[in-house]
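Step one of this worksheet: look at the structure below.
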Amino acid sequence: MKLHSSEHFYSHPWSYVTAAVWQKYPNERTPHVMTVDVLRREVDEERKVLRTERLFTLRQNIPMFVARLFGSSAPVTHVLEVSEIDLATQTYKAVSTNLTFRDLITMDETVTYRPDPKDASRTSFVQEAAVSASMSRFSSYLEDALIKRFKDNAHIGRQALNSVLERIVHESQLGLQHLHMA
């Protein structure tokens, strides 16, 4: 099993960042994300928690013969994400796991967004991944390759979220200007 953990700070408040998370897809920076389907959503009004289950359909950049080697007719995979937004603690946590090729590879990811305790105008983003392959001779090599790919995709994902944040900030500034004109 290989592990990866990183922390990043967004220069925007938690409310903006969590709004951007929901608007992240579709995104020109992440064309591998084909669809995001909401499977279930429930609100616990007493605890002030929104729980959502989403299914991501991803186009993988792997040769077709590799996909066929794993029993797939196309390089498409599915990932299940379960997230909770807790308004009382201002915490957004999402746990994702692959559904495709799960008997050979498990890839679990947890992301957490919280206000930076030192500066409420910033948001802390912690991303953790665990990869495990059950292909005796090639497990370590495959796990290393998947962690590298995960790191590359994580960087692209942060860029995608930043582009949404820029749009949200721009739209809110336009809204304020419009209010001042009225």
Side-chain angles (χ1 to χ4, degrees), residues 1 3-6 8 10 12 14-62 66-68 70-115 123-134 143 146-147 149-165 167-168:
M1 176 184 283
L3 303 172
H4 170 72
S5 181
S6 65
H8 176 77
Y10 290 99
H12 301 284
W14 182 82
S15 60
Y16 278 40
V17 174
T18 54
V21 168
W22 294 109
Q23 299 175 44
K24 187 174 174 182
Y25 304 107
N27 193 302
E28 64 202 26
R29 289 183 171 88
T30 57
H32 66 287
V33 178
M34 297 169 61
T35 63
V36 179
D37 298 298
V38 175
L39 303 177
R40 194 168 138 166
R41 181 169 281 161
E42 52 193 49
V43 176
D44 182 333
E45 291 183 27
E46 189 174 306
R47 289 180 39 228
K48 295 186 179 184
V49 171
L50 169 66
R51 185 177 191 280
T52 306
E53 294 179 17
R54 300 192 296 176
L55 179 68
F56 288 73
T57 302
L58 311 170
R59 182 179 301 110
Q60 297 298 336
N61 188 18
I62 58 174
V66 174
R68 287 192 183 118
F70 288 109
S72 178
S73 60
V76 173
T77 60
H78 295 96
V79 172
L80 177 65
E81 175 196 79
V82 178
S83 66
E84 284 193 354
I85 296 180
D86 186 328
L87 293 179
T89 64
Q90 287 193 310
T91 302
Y92 173 99
K93 183 176 183 177
V95 178
S96 303
T97 190
N98 64 299
L99 300 177
T100 310
F101 307 131
R102 190 148 183 88
D103 54 335
L104 302 171
I105 302 164
T106 56
M107 193 156 182
D108 299 322
E109 174 189 27
T110 301
V111 298
T112 307
Y113 298 86
R114 287 190 178 104
T123 301
S124 165
F125 169 63
V126 176
Q127 187 172 35
E128 300 166 308
V131 176
S132 180
S134 58
E143 290 168 355
L146 289 170
I147 285 290
R149 183 177 210 166
F150 176 84
K151 289 178 185 178
D152 294 344
N153 284 343
H155 177 72
I156 292 167
R158 286 191 303 272
Q159 289 177 331
L161 191 63
N162 273 322
S163 69
V164 176
L165 278 163
R167 189 189 79 232
I168 288 172

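For clarity, every value in this text was computed on a predicted model and none was experimentally measured.
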Please walk me through it: do Tyr113 and Leu161 pass side chain to side chain contact (heavy atoms under 4.5 Å, CB included)?
CA-CA 12 Å; Tyr113 298 86; Leu161 191 63; 3.9 Å; yes
Report the distance from atom [atom1] of [X] to atom [atom2] of [Y], rounding to the nearest 0.5 Å.
X: Thr35; Y: Arg59; atom1: OG1; atom2: CZ; answer: 10.0 Å
X: Thr106; Y: Phe101; atom1: OG1; atom2: CZ; answer: 14.0 Å
X: Gln127; Y: Arg158; atom1: CD; atom2: CZ; answer: 6.5 Å
X: Met107; Y: Leu146; atom1: CE; atom2: CG; answer: 5.5 Å
X: Met1; Y: Glu143; atom1: CE; atom2: CD; answer: 8.0 Å

Would you indicate whether Lys24, at its atom NZ, is surrounded by more than 12 heavy atoms from other residues, nucleotides or ligands within a distance under 6.0 Å?
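Result for NZ/Lys24: enclosed.
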If you count the non-hydrogen atoms of other residues, nucleotides and ligands that lie under 6.0 Å from CD in Glu42, is the total more than 12?
yes
State which residues pass side-chain contact (heavy atoms from CB on, under 4.5 Å) with [X]; sequence neighbours excluded, sorted by chain then number.
X: Lys48; value: Leu87
X: Asn27; value: Arg29, Thr30, Ala160, Ser163, Val164
X: Ala94; value: Glu81, Ser83, Tyr92, Val111
X: Arg41; value: Trp22, Val38, Leu50, Thr52

Apply side chain to side chain contact (heavy atoms under 4.5 Å, CB included) to residues Leu99 and Leu55 and explain how you reach the verdict.
CA-CA 10 Å; Leu99 300 177; Leu55 179 68; 3.7 Å; yes
Got a sec, which residues hit ring pair (Phe, Tyr, Trp, His ring centres under 6.0 Å) with His8, two or more places apart in sequence or on another chain?
Tyr10
Quick one: does Thr123's side chain have a donor or acceptor within less than 3.5 Å of a partner on His12's backbone?
yes
Strictly distance-based, threshold 3.5 Å: is any side-chain N or O of Glu109 a donor or acceptor partner for the main-chain N or O of Ser96?
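Not at all, since once roles are kept as given, no pair shorter than 3.5 Å links the two residues.
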Distance-only donor-acceptor check, side chains Thr77 and Thr100, under 3.5 Å:
no
Kindly write out the residues that satisfy salt bridge (Lys or Arg N to Asp or Glu O under 4.0 Å) with [X], not counting sequence neighbours, or none if the list is empty.
X: Glu45; value: none
X: Asp44; value: Arg47
X: Asp103; value: none

Considering all heavy atoms of both residues, which atom of Lys93 and which atom of Thr110 are nearest to each other, and what is their separation?
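The answer is CE-CG2, 3.6 Å.
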Taking every non-hydrogen atom, the tightest pair across Thr91 and Trp14
N-CZ2, 3.5 Å
Should Asp108 and Val95 count as side-chain neighbours, where that means a heavy-atom distance under 4.5 Å?
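They are not in side-chain contact.
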Who passes side-chain hydrogen bond (donor to acceptor under 3.5 Å, both in side chains) against [X], sequence neighbours left out?
X: Arg102; answer: Thr97, Asn98
X: Ser124; answer: Glu7
X: Asp37; answer: none
X: Gln159; answer: His155

When you look at Val82 and Arg51, which way does the side chain to side chain contact (heavy atoms under 4.5 Å, CB included) test go after all the steps?
CA-CA 7 Å; Val82 178; Arg51 185 177 191 280; 3.3 Å; yes
